[in-house]
Structure formats: C-alpha cells, structure tokens
Amino acid sequence: MQPSDDRVFAAFCASGLWPGLGITLAGALAEAGIRTPGDVTTSALASLPKVGQLRAGRLLSAFIAAQPAYDIVALLLQAGLAPRLAGRCVEIFGPGALRLLKDDPWRLLQLSGVSVADADALARAALPGILPSDDRRSRALVGWVLTQVARDGDTLATLERVTDDLLSYRVADPQAAIAAACEAGAVEAVSTVLDSTLALTRYAEAEREIASSVHRLTDAAKQIGQVRPARRRKAGEDIDPDGLDSVQRSAVDNALTHGLSVLTGGPGTGKSRTVATLVREAERAGKSVALAAPTGRAAKRLAELCDAEAMTIHRMLGVQPRSDTDDDGNARVDFSAGFARGADWPLDQDIVVVDEASMLDVELAAALLRACADGTHVLVVGDSAQLPSIGPGQVLADLIGSNTVPVVELTTLYRQEAGGAIARLATAVRSGSLPAVDSPEREVVIVPARGSAECAHRVVQLMTDSIPRALEIPAEQIQVVTPVHRGPAGTLALNAALKAVLNPPKAPSGKGFSRFDEGDRVVATANHLEVSPTGFANGEVGVVTKVADKVVTVDFGSGPAEISGKALADITHGWAITVHRAQGSEFRAVIVVLPPEAGRMLSRPLVYTGLTRAQRHLSIVHGTGPALAHAVHDIRNKPRRTALRDFLG
DNA sequence: CGTAAGCC
C-alpha cells in the first residue's frame with residue numbers, strides 16, 4: 001500500500017534530511033499549512049516563525065535539492081523501513097539512488113546496519129512479486145556475508161562458511177551465487193595453503209599490494225650509512241654507547257639495511273628508545289625520517305619520545321576527502337576516497353617508521369607502502385599481542401609470521417618495575433597463560449565480585465578509598481579501564497558514580513552550556529590538533545581547570561587546551577575509559593574491570609592491553625566468580641583469517 | 001554480541 005503524500009512528507013521533514021530545517025521548524029510546518037510537497041513555497045515558508053524571505057528561499061532550494069532523498073523516503077516507508085536510511089542511500093549511490101535501488105533493492109545491504117530482512121522488505125516494496133530466489137539477492141548476499149566476516153577482522157572466509165551462511169538465508173544454489181558474485185567483480189576466490197577461500201576484492205587487492213610492496217622495497221633497498229662494527233662494551237655489559245642492548249642495536253641495523261623490517265615487543269622493552277636512536281643515527285647520516293602512527297595519540301607520543309615531528313598516517317599521506325559538491329552545493333564528504341601520496345607522488349623521506357602497527361588494517365597498510373618509493377626503508381613497530389585493528393586484517397602479525405622480513409623481538413624489561421608482579425602477569429598473559437597472582441606487596445590485587453553491580457561498587461571503593469589509603473596512590477593517578485560503555489560496569493555508569501564521589505557538581509545544574517565542572521577528569525574521543533594552544537589527541541586524558549564563557553579549559557598533561565564549540569562534543573568524562581581507548585596510554589595505577597556481561601568479548605589481547613596500561617599498581621575487578629583462572633585460561637585467541645602470509649610467502 | 005581510527 002502506498003503511504004499518503006502527507007505521511008511521506010511528515011516522515012521526510014522529521015528525519016533531518018531537509019538541510020536547514022531543524023526539529024522546531026519541522027514541528028511548525030503543519031500549523032503553517034505546509035503538509036505536502038505542493039505546499040512548499042517561498043511565501044508559505046516565509047510565514048513560519050523567524051523565517052524571512054532570504055531563509056525561505058534557501059529552504060525552498062534545499063527542499064528541491066533533497067528530492068532524491070525524498071523519493072527514497074517514500075519507498076522506505078512503503079517497505080516499513082526507517083526514513084533516515086535515505087540520507088545514506090543518496091550519499092553512497094548518488095542522486096540516481098532511487099533508480100539503482102529499484103533495479104536492485106539488495107544494494108541496500110551495502111549500508112552498514114541493514115539486515116537481510118530489511119533488504120528483502122525493500123525488494124518486495126520496490127518490485128512487487130519478486131521471488132526470494134532472485135539472482136540479484138543471491139549475489140548480493142555473497143558480498144554481505146563476506147562483509148559480516150570482515151567485521152570480525154577476517155579478510156577471508158572459507159567456501160564452507162560462505163556456503164553455510166548462504167543456505168541459512170535460503171539461497172538455494174550457493175555455488176551459483178558465488179560464481180555470479182565473482183563474475184560481478186566484488187568477490188574473488190583466494191586459495192591459501194590451508195583452504196579454498198573467498199575474499200571481498202577490495203581486501204584481497206589490499207593484501208596483494210602489501211605483499212608486492214614488501215618485495216619491491218626489500219629488493220630495492222640500499223644500505224644507509226655504514227654498518228657499525230660491534231661497539232666496545234664494558235665487561236659483562238650488553239649495552240653499547242648509545243644505551244642500546246645488542247638486540248635493540250640489531251633492530252636499528254635492520255632498519256638501515258633492509259627495505260622493510262619489524263620491531264616488536266611488549267611495553268617497557270625499549271621499542272621507543274630504539275626508534276629514537278634510529279632517528280638520531282639516520283639524521284647523522286644525512287637521511288630524513290618520517291614518523292607516523294595510526295592514531296593521533298600514538299603519533300603525539302612518538303613525537304615526544306623521539307623529539308621529532310610525527311603525525312597520523314592519514315595526515316602523512318595527505319588524505320583527500322572527496323568533497324563532491326553536488327548540483328546544489330550540498331557538500332558530500334567521503335574520506336575513504338584516497339591519498340595525495342602514492343606511487344605517483346611518494347613520500348620524500350629515506351626512512352619511514354610506523355609505530356603502533358598492531359592497529360594497521362590492510363587498506364591503510366597498502367596505502368602506506370604504496371607511498372614508499374623504491375629505496376625507502378620502512379620500519380614497522382608494534383606489539384602484536386595488543387588489540388588488533390578495527391578494520392580487517394592483522395598486518396603486523398602476518399609480517400612477523402611470514403618469516404619473509406627481518407623481525408626483532410625485544411623481550412628484556414628495562415623499567416624499574418621489571419620483575420614485578422605486573423610484568424610477570426603481563427608476560428604470562430602475553431603467552432596465553434594466567435598464573436595465580438603472587439603479589440604480597442600488593443602491586444597486583446585481584447578483587448572478585450559477583451555481578452556487574454558489585455563490580456561497579458568495588459571500582460568506586462578501590463579508587464576513592466582503598467588504593468589511596470592502603471597504597472598511598474591518590475585517586476588522580478588511578479585510571480579505571482573497562483571493556484564496555486554500557487551496563488552497570490561500563491564507562492557511562494562508572495563515570496557517573498565516580499563523579500558523584502570525586503567531584504560532585506558544585507553549582508546546581510542549569511549552570512548553562514557545560515556538562516563539565518572544574519576538577520572533572522575528561523578523555524578526548526577525537527583528534528583536535530587545531531585547538532589552541534597545542535591541540536589534543538583522541539585518548540588523551542586530562543583535567544578540567546576552568547569552565548567559563550563557553551570555553552572549557554583542560555589540562556591534558558601534554559599542555560592545556562581551550563575547548564569550545566564543536567570540539568566540546570569530543571570530550572567525555574574520563575575517570576573510566578574503555579580498554580580500546582586506553583591503548584597507547586599508561587597510568588601509575590590502573591583498575592581493570594571485567595564485568596560478567598563482557599565475558600563474550602573477553603580475549604587475550606583485550607586483557608593484555610588492559611593490564612599493561614598499569615605502571616606501578618594494578619587492581620583487577622572480575623565478575624566471573626571464583627572461576628577467574630578458568631575464565632582466563634579459556635580466553636580465546638582466535639587469529640584472524642587473512643591472506644597476507646600466503647601472499648608474502 | 002560490543003568494541004571502535006582517521007579525515008573535512
């Protein structure tokens with residue numbers, strides 16, 4: 001049944017798809033007699049409250065320009081789907097979106113968060129009488145299944161897995177569907193040493209390009225500077241005059257010799273010190289070094305530790321948002337578009353160092369290596385035991401596992417806490433075991449709790465009372481780290497509880513614009529390097545020092561930031577942060593919370609990343625009952641299924 | 001079954 005004109009119009013106006021029309025104005029339309037598209041005229045719009053001729057004219061042209069989205073809203077309503085989807089349809093498929101969707105409604109599956117049932121509903125609305133056995137459906141589902149797999153980090157899926165999934169969605173002939181999807185080009189067959197697998201073409205191409213770049217860089221490399229003869233060392237000491245041990249020294253030598261090499265190891269083993277030495281020696285040899293990392297926080301830390309410029313990989317490669325201005329001046333921004341730096345215009349530096357490489361997904365790695373000309377030396381630095389990348393792939397682990405590039409693994413701990421309970425626990429978890437904690441000096445404390453509410457209670461107790469009292473570590477130096485945002489032991493609830501004790505609101509609420517009080521701990525959730533005076537990076541934790549005149553001043557440790565306007569949306573309370581966001585930061589004392597409802601997402605990298613954030617004290621609050629050992633022994637360490645190792649070999 | 005970077 002066709003929804004009536006005014007129903008479509010109302011849904012369209014309420015869904016934010018009409019640029020310039022806010023909620024208030026949308027609510028006032030009906031009263032002004034604007035109920036269908038035919039009612040939208042300059043004079044009718046000008047009769048709205050606070051709308052003059054100029055604004056009315058702008059609203060009218062925005063309405064006309066939004067016609068493609070409007071038509072899709074009608075179709076979506078007919079299918080019983082959310083009108084909001086229309087905006088993303090136009091973004092992805094362009095102004096001809098309606099036509100494309102009517103030709104093949106299952107293209108809707110290309111939008112994230114759309115279910116197969118949603119796409120089927122759209123198909124029934126767009127093409128009455130359509131059969132579920134339609135070839136377009138089967139073909140689209142092949143790509144969709146692989147996209148689901150990629151959300152878990154895999155770039156490959158076995159034929160068996162894809163076939164089973166297709167059957168579960170009532171695709172009668174999976175083999176034919178797969179053949180059709182391959183024919184269409186979105187999917188390709190990849191044979192690995194183990195299995196016949198399928199991959200989305202974009203990821204297979206990325207992994208192939210990484211492998212060929214590695215070979216190209218390896219073949220083209222020429223020695224930089226001179227390989228140093230072994231330095232004289234004091235008897236019994238394995239430290240050279242630069243303060244590097246022999247293993248660290250070999251990593252520097254690898255980087256000066258090979259086109260691509262890897263430096264890996266846990267926290268405190270001297271990866272950064274090694275990179276800093278490489279930078280110094282390269283500069284001494286008259287060679288330039290580019291320092292980069294996947295995240296702003298990691299780049300900022302790298303810059304501090306090496307006392308040199310560092311930036312995100314995106315920025316280094318000159319990410320080029322494709323800002324199509326469509327016919328009516330509506331900006332469409334697409335950041336997946338491409339990079340200024342590539343084979344045609346490679347990076348200028350002789351050596352490229354990329355830190356925190358565990359966060360590299362296949363597409364970013366491919367882009368990075370593409371931008372390295374023959375003769376460039378790339379040093380890949382990271383800890384493959386930490387959380388894997390958000391995007392698909394496991395570039396660092398595959399480079400290490402391929403045995404085709406030189407790898408140096410640092411294992412000696414050099415921090416003062418070396419040999420302490422945190423370090424022992426980290427080393428054990430890193431290799432997959434969880435020994436009973438033996439820490440009479442209370443460097444590591446295990447706090448069992450029953451249920452997530454009790455977890456939350458224990459966290460507040462530890463941070464506001466036990467740790468400051470018993471260990472003389474003030475709350476300001478304690479960081480809570482949890483796997484989740486939601487739930488009683490997620491960041492939202494914990495921050496509310498911690499604020500109530502540590503920094504209750506001073507003025508009655510209604511002070512105005514700000515969610516923050518002086519003394520609040522905050523964490524950045526996006527990069528704002530432009531904020532004066534020094535900018536801040538995602539994941540940085542700071543304290544609010546001043547709230548005034550619509551400006552929140554935060555002391556981030558790396559310096560103060562005066563935050564106002566849109567940037568304010570990118571800080572939140574930060575007494576408790578997620579493990580993911582804590583990656584790349586360390587704190588004097590850390591409380592790791594493992595609530596029962598996070599059990600399903602527990603993984604070895606998650607636990608390892610969480611507990612290695614702690615420098616001097618670690619409390620683990622676990623809600624898995626007396627079965628902690630059991631829970632952690634069973635931590636699954638499911639490697640991602642990828643093609644890179646096969647392509648490299 | 002929930003986490004989550006980067007870019008204008």
Nearest to the side chain of A/R315, which nucleotide is it out of B/dT3, B/dG6, B/dC8?
B/dC8
Starting from P on B/dA5, measure out to CD on A/E356 and report it in whole angstrom.
13 Å
When rounded to whole Å, the CD to P distance for the pair A/E363 and B/dA4 reads 21 Å
Distance in angstrom units between A/K300 NZ and B/dA5 P, rounded
16 Å
Proximity to the side chain of A/N538 - top-ranked nucleotide from B/dA5, B/dC7, B/dA4:
B/dA5
A/N527 side chain N/O closer than 4.0 Å to the phosphate oxygens (OP1, OP2) of B/dA5?
no
Hey, does the side chain of A/R581 come within less than 4.0 Å of B/dA5's phosphate (OP1/OP2), counting only N and O?
yes
Expressed as a whole number of angstroms, how long is the span from A/R297:CZ to B/dC7:P?
15 Å
Looking at A/D348 and A/R341, does any basic side-chain N land under 4.0 Å from a carboxylate oxygen?
yes
Look at the aromatic rings of A/H573 and A/F516 and report parallel, tilted or perpendicular, splitting at 30° and 60°.
perpendicular
Which listed nucleotide (B/dC7, B/dG6, B/dG2) is nearest to the side chain of A/T295?
B/dG6
Heavy atoms only, 4.0 Å cut-off, all strands: where does A/G296 land among base, sugar-phosphate and nothing?
sugar-phosphate
Assess whether a salt bridge exists between A/E454 and A/R458, defined as any Lys/Arg side-chain N lying under 4.0 Å from an Asp/Glu carboxylate O.
yes
Rounded to whole angstrom units, what separation is found between the CZ atom of A/R341 and the C1' atom of B/dC7?
17 Å
Once side chain to side chain donor-acceptor pair (under 3.5 Å) is applied, what residue pairs with a partner in residues 559-570 of chain A remain, sequence neighbours excluded?
A/H528-A/D570
Contact under 4.0 Å: A/T578 side-chain N or O vs B/dA4 OP1/OP2
yes
Give the rounded distance in Å between these two atoms: OH of A/Y608 and P of B/dT3.
24 Å
Expressed as a whole number of angstroms, how long is the span from A/H580:NE2 to B/dA4:P?
6 Å
Residue pairs passing the salt bridge (Lys or Arg N to Asp or Glu O under 4.0 Å) test where at least one lies in residues 377-401 of chain A, sequence neighbours excluded
A/D383-A/R430, A/D398-A/R645
Please compare A/H485 and A/L529 by the position of their nearest nucleotide in DNA chain B and report the one closer to 5'.
A/H485
Presence of A/T312 side-chain N/O under 4.0 Å of B/dA5 phosphate oxygens OP1/OP2:
no
Using whole Å, what does the distance between atom P of nucleotide B/dA5 and atom CD1 of A/I313 come to?
15 Å
